[in-house]
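Everything below concerns the one structure shown next.
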Amino acid sequence: MATRLPLICLLVSVTAIAADLSPERYWNTALPNTPIPNSLRHLFTPDFTDEKIINVQVGKGGVNVNAGKGKPVGGTAVNVGKGGVYVDTGKGKGTHVSVSGGKGPGGGVGVHTGKPGKRTDVGVGKGGVIVHTRHKGKPVYVGVKPGPNPFVYNYAASKTQLHDDPKAALFFLEKDMVPGKEMNLRFNAEDGYDGKTSFLPRWEAETVPFGSEKFLEILKTFSVKPGSGEAEMMKKTIEECEAKRVGGEEKYCATSLESMVDFSVSKLGKDHVRAVSTEVAQKNAPMQRYRIAAAGVKKLSDDKSVVCHKQKYPFAVFYCHKAMMTSVYAVPLEGENGLRAKAVAVCHKNTSAWNPNHLAFKVLKVKPGTVPVCHFLPETHVVWFSY
């Protein structure tokens, strides 16, 4: 630990920009020619992550963090000494943090006050000093039952899902994707909380337990009561992430935007890759009848793709899977009340490995492997493809 202290003391006066190591900056660095879909951008808006220019003075008295308003960030004092790092939050309580090459921004010092997703994080490393102040309070669970995820294809539909799950209407046959075709649709898929759950930076997400063997620890981390509806929802998400693969597909649960980028790029490359999502002109638009516009359908890709589905969890987690023999389409829609949507549809040409009782087969009255099965993407989901 002592060998790391000189690295900190060399920072006589540092101005650090938190966005330099933010998920958005990571995307722009890895994929400079690929715009960020609105569905993902909304998950790290200032409502959930307040990233500011921070002035940091490092001297004999330790580290002083100033937010540009004449007072330390949140009244927090950070002192560096032989025993490591001590953080005093100004309430008579402190946090002792060791200095190491850990998972903080660029290694170095990682300071956390509060629970994941609602805390202040201070990192001192190769990139300087980074301060995140997060959304106060965790998202409020609103009682969504953890039914089978229709985008995980080895699950059978429940007895009531065909009639009760609005996502059932998102499935259709490729032959029906023609101008003038009408469908009843709703794109704002419910994630189980009263507001959008936000991304955690990767270095923070990696410190949060995730896995069935750590489930009790996870519930404690997020202050969730065992056996509650929220606990069951979280358990279902973890089970889906750990479930066996369908056929030869490659799957991965991304617990940060950075890990989603890395997985998608590893499967598709980064030179000619796009990420798109459905966009609806009205927020929280209700179920209504849409017509495929006369402008027509545009095929975006006709080979392999990576589709990432947002899961029900206290922070943003995406179930991503690489699918071969898929086509991606942009579908312009016009609602019965004049509402317009730019929908994204994915068509699976080979469904022979899907569960024969999957929701899609119940809706469309077809059998696995007989015809291409398509589905629109809810607004919070994203598909990656090469072009």
Side-chain angles (χ1 to χ4, degrees), residues 7 11 14-56 100-112 116-117 120-135 196-208 250 252-277 279 300-301 304-308 310 315-320 322 380-387:
L7 294 176
L11 299 172
V14 181
T15 298
I17 301 177
D20 283 348
L21 292 174
S22 70
E24 182 175 8
R25 179 59 64 90
Y26 186 89
W27 177 297
N28 292 332
T29 300
L31 301 167
N33 300 315
T34 304
I36 302 175
N38 287 334
S39 62
L40 299 182
R41 187 179 296 278
H42 290 164
L43 300 182
F44 46 82
T45 57
D47 288 340
F48 295 92
T49 303
D50 185 12
E51 298 177 336
K52 305 169 182 169
I53 296 179
I54 305 297
N55 182 266
V56 182
S100 66
K103 296 178 180 179
V109 182
V111 178
H112 312 295
T120 298
D121 308 313
V122 182
V124 182
K126 295 179 180 178
V129 180
I130 174 173
V131 176
H132 297 278
T133 56
R134 298 198 167 281
H135 182 54
K196 292 186 178 70
T197 49
S198 60
F199 279 119
L200 297 181
R202 173 158 55 189
W203 62 272
E204 181 180 350
E206 289 179 348
T207 68
V208 180
E250 300 175 67
Y252 174 72
C253 272
T255 58
S256 67
L257 180 72
E258 298 94 319
S259 59
M260 183 199 297
V261 169
D262 288 353
F263 177 76
S264 301
V265 166
S266 72
K267 305 306 174 187
L268 302 172
K270 67 177 183 179
D271 293 332
H272 299 282
V273 65
R274 283 187 63 192
V276 295
S277 57
E279 296 183 8
L300 302 177
S301 175
K304 58 185 178 181
S305 63
V306 172
V307 187
C308 294
K310 193 167 186 288
F315 63 91
V317 173
F318 282 78
Y319 178 97
C320 299
K322 177 188 175 183
T380 54
H381 300 202
V382 61
V383 60
W384 301 70
F385 59 90
S386 300
Y387 64 94

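Note that the structure is predicted; figures quoted are calculated from it, not measured. Note that the numbering runs from 1 along the sequence shown for the chain.
- Ser264 and Lys270 are not linked by any side-chain donor-acceptor pair at a separation below 3.5 angstrom, with hydrogens and angles left out of the test.
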Check against side chain to side chain contact (heavy atoms under 4.5 Å, CB included), Val306 and Phe385: CA-CA 6 Å; Val306 172; Phe385 59 90; over 6 Å; no
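- Contact annotation: the side chain of Tyr26 approaches that of Asp262 to within less than 4.5 Å [non-hydrogen atoms, C-beta and beyond].
- Taking both residues in full, the closest heavy atoms of Ser256 and Arg202 are given as OG-CB, 3.5 Å, listed atom of the first, atom of the second, then distance.
- The shortest distance between side-chain heavy atoms of Val317 and Phe199 does not fall below 4.5 Å.
- In this structure, the side chains of Leu300 and Tyr387 stay at 4.5 Å or more apart for every pair of heavy atoms.
- The minimum heavy-atom distance linking His381 with Ser39 is given by the pair O-OG, 3.9 Å.
- From Leu40, atom CG reaches atom CD of Glu24 across 11.0 Å, with rounding to the nearest 0.5 Å.
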Leu43/Thr197 under side chain to side chain contact (heavy atoms under 4.5 Å, CB included): CA gap, chis, key distance, verdict: CA-CA 7 Å; Leu43 300 182; Thr197 49; 5.6 Å; no
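- Looking only at side-chain heavy atoms (C-beta outward), Met260 and Trp384 come within less than 4.5 Å of each other.
- Here Arg274 contributes atom CZ and Leu268 contributes atom CG; the two are 13.0 Å apart, rounded to the nearest 0.5 Å.
- Side chains of Pro37 and Val276 form no contact here, defined as non-hydrogen atoms less than 4.5 Å apart.
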Steps toward side chain to side chain contact (heavy atoms under 4.5 Å, CB included) verdict (Ser259, Tyr252): CA-CA 9 Å; Ser259 59; Tyr252 174 72; 3.3 Å; yes
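- Closest heavy-atom contact between Leu31 and Val265: CD2-CG2, 3.7 Å.
- Side chains of Lys267 and Lys304 form no contact here, defined as non-hydrogen atoms less than 4.5 Å apart.
- Cysteines Cys253 and Cys320: SG-SG separation is not under 2.5 Å.
- The existence of a salt bridge linking Lys322 and Glu250 is confirmed by a sub-4.0 Å separation between a basic side-chain nitrogen and an acidic carboxylate oxygen.
- Nearest heavy-atom pair across Val382 and Ala275 is CG2-CB, 3.9 Å.
- Counting only heavy atoms from C-beta outward, the side chains of Leu200 and Thr255 never approach each other to under 4.5 Å.
- Between Val208 and Phe315, the closest side-chain pair of non-hydrogen atoms falls below 4.5 Å.
- Atom-to-atom distance recorded for Ser22:OG and Leu257:CG is 9.0 Å, nearest 0.5 angstrom.
- For the residue pair Phe318 and Thr380, the shortest heavy atom distance occurs at CE2-O, 3.2 Å.
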